Protein chains: 2
Amino acid sequence: MADSSTQVRPGGRSAKVRAAVHHAVAELLAEEEAETLTLPAVAARAGVHPTTLYRRWGSTAQLLNDVATSRFTDDLVVPDSGSLAGDLQRWLADVATDVADPDTLALMRATIGSGPAGGCACVEDRHRQLGAIIRREQDRGGTALDVETAADFLLGPLYYRAIFTPEPASADWARTLVSTYLATLRTP
Amino acid sequence: MADSSTQVRPGGRSAKVRAAVHHAVAELLAEEEAETLTLPAVAARAGVHPTTLYRRWGSTAQLLNDVATSRFTDDLVVPDSGSLAGDLQRWLADVATDVADPDTLALMRATIGSGPAGGCACVEDRHRQLGAIIRREQDRGGTALDVETAADFLLGPLYYRAIFTPEPASADWARTLVSTYLATLRTP
DNA sequence: CCACTAACGCAACGATCAGTGCGATAATTT
DNA sequence: AAATTATCGCACTGATCGTTGCGTTAGTGG
């Protein structure tokens, strides 16, 4: 009975405001620099009163965390091609395509800059997806992989290129990354 | 003779102001959230008038870029242990130790969030250092490595863990990373 | 359909930010 | 040492931000 006095009300209007605000954040990050991303600016773009943003989110950091979490959660379908290599290649290619979008990158950068937990909000679901792929391979009777190590070798180079280097990471490059990673497993 | 009319003057006072401002940025990022990093706040901490910051840097984005560039340039000595494995292990362990510092991480996060070129400012010199190590191995008659690929497998997982995951990356883990990377080269 | 209340809009306020013009200081050159 | 001028400090101003109190709108349960 933890805090039963205040009941949430995610009805039509709140959901509509939330969607408009999320859309406004993505728009503003896509077109201008992250400097001008203030709560009044987002409110004006979303057609919502600034007070609403101050009350619901409080700061741009929490708003960005919310936007990034919902943006990078359940946005990709975990493939089931029948083999580990196929699943990983399909999935990482999708991730690479997603990360190659400049608007997506802008959201990631802003979220990372908003606080220590910003990065986690961007890749938390990716780790869940990778875990699902690995678990499925294990159920097939295949090799048991460590999720963290796989993330180091697959997501590591991909996100590193996206954030820290100007050169893009294509879907083909992601597939090559999976091949070389699986090759290292067969030859310890 | 491009713009010979305006000559820079990096004398004693300017250098002192610059150092104080850089120090103030690092301090503010270390203690509080990145939200409050405004030019007047930095000026107050540095004991400098806000107008100076508006004129010399113009925005927090450019200031952060300047701070990050000078912070992550010539801060590590490229080792020369006689072997590629030794050089890489020493160097990447140093990088890991540097990145493990919360204050360093805060500066990196803020710089990444300040603009598209933020990430490059943090690792540009790292690529130069890695290139120097690889070139030295080549001069020894050893294997010729591609700098970009090596960065993908060495810096990628390291910076990915630092920015996107809560678990730290120790110096020992970095050395293991080098070992596994070199192992993959011997077995193509 | 009605009562309840979470969520939003509105107006007003102090605080801080971003920018400008002008004089003072000090680095650099002759 | 004197002249030149890049750089900084100061005072001032308009704009924007962050916050609060109060009334209104609209989900939610009876």
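Every chain is numbered from 1, with letters handed out A, B, ... down the list of sequences. FYI, side chains are in, hydrogens and waters are out, and symmetry mates aren't considered; it's all heavy atoms of this structure. All values derive from a computational prediction rather than experimental measurement.
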Next on the checklist: Less than 4.0 angstrom from a charged side-chain N to a carboxylate O is my criterion; do B/D66 and B/R71 meet it?
Outcome noted: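 Here B/D66 does not pair with B/R71 in a salt bridge, since their nearest N and O are not under 4.0 Å apart.
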Item to check | Residue-phosphate contact under 4.0 Å: B/T38 side-chain N/O, C/dC17 OP1/OP2 | outcome: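 Answer is yes, contact under 4.0 Å.
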Checklist entry - Quick one, which residues of residues 47-70 of chain A touch DNA chain D with a heavy atom under 4.0 Å? => result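 When residues 47-70 of chain A is checked for heavy atoms under 4.0 Å from DNA chain D, the hits, listed by number, are A/T51, A/Y54, A/R55.
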Is the closest side-chain donor-acceptor distance between [X] and [Y] under 3.5 Å?
X      : Y      : result
A/S59  : B/E35  : no
B/Q62  : B/S114 : no
A/T143 : A/Q138 : no

Grab the [atom1]-[atom2] distance between [X] and [N] for me, whole Å please.
X     : N      : atom1 : atom2 : result
A/L37 : D/dC17 : CG    : P     : 11 Å
A/R13 : D/dT25 : CZ    : P     : 10 Å
B/E35 : D/dC17 : CD    : P     : 13 Å

Next on the checklist: Is there a side chain to side chain donor-acceptor pair (under 3.5 Å) between B/D125 and B/Q129? Walk through the geometry before answering.
Outcome noted: CA-CA 6 Å; B/D125 200 49; B/Q129 295 164 355; 3.0 Å; yes
Checklist outcome for this item: Result for salt bridge (charged side-chain N to carboxylate O under 4.0 Å, His left out) between A/D80 and one of A/R135, A/R90, A/R140 points to A/R140
Checklist outcome for this item: Closest heavy-atom pair, B/T69 versus B/A121, reported as atoms and distance to 0.1 Å, is OG1-CB, 3.6 Å
Next on the checklist: If I compare all heavy atoms of B/R161 with all of B/P168, which pair ends up nearest, and what's the gap?
Outcome noted: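 In this case the closest contact between B/R161 and B/P168 is NH1-O, 4.2 Å.
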Item to check | Five-pair end axes of the helix from C/dC1-D/dG30 to C/dT30-D/dA1, angle between them (10°) | outcome: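 Angle reported: 50°, given to the nearest ten degrees.
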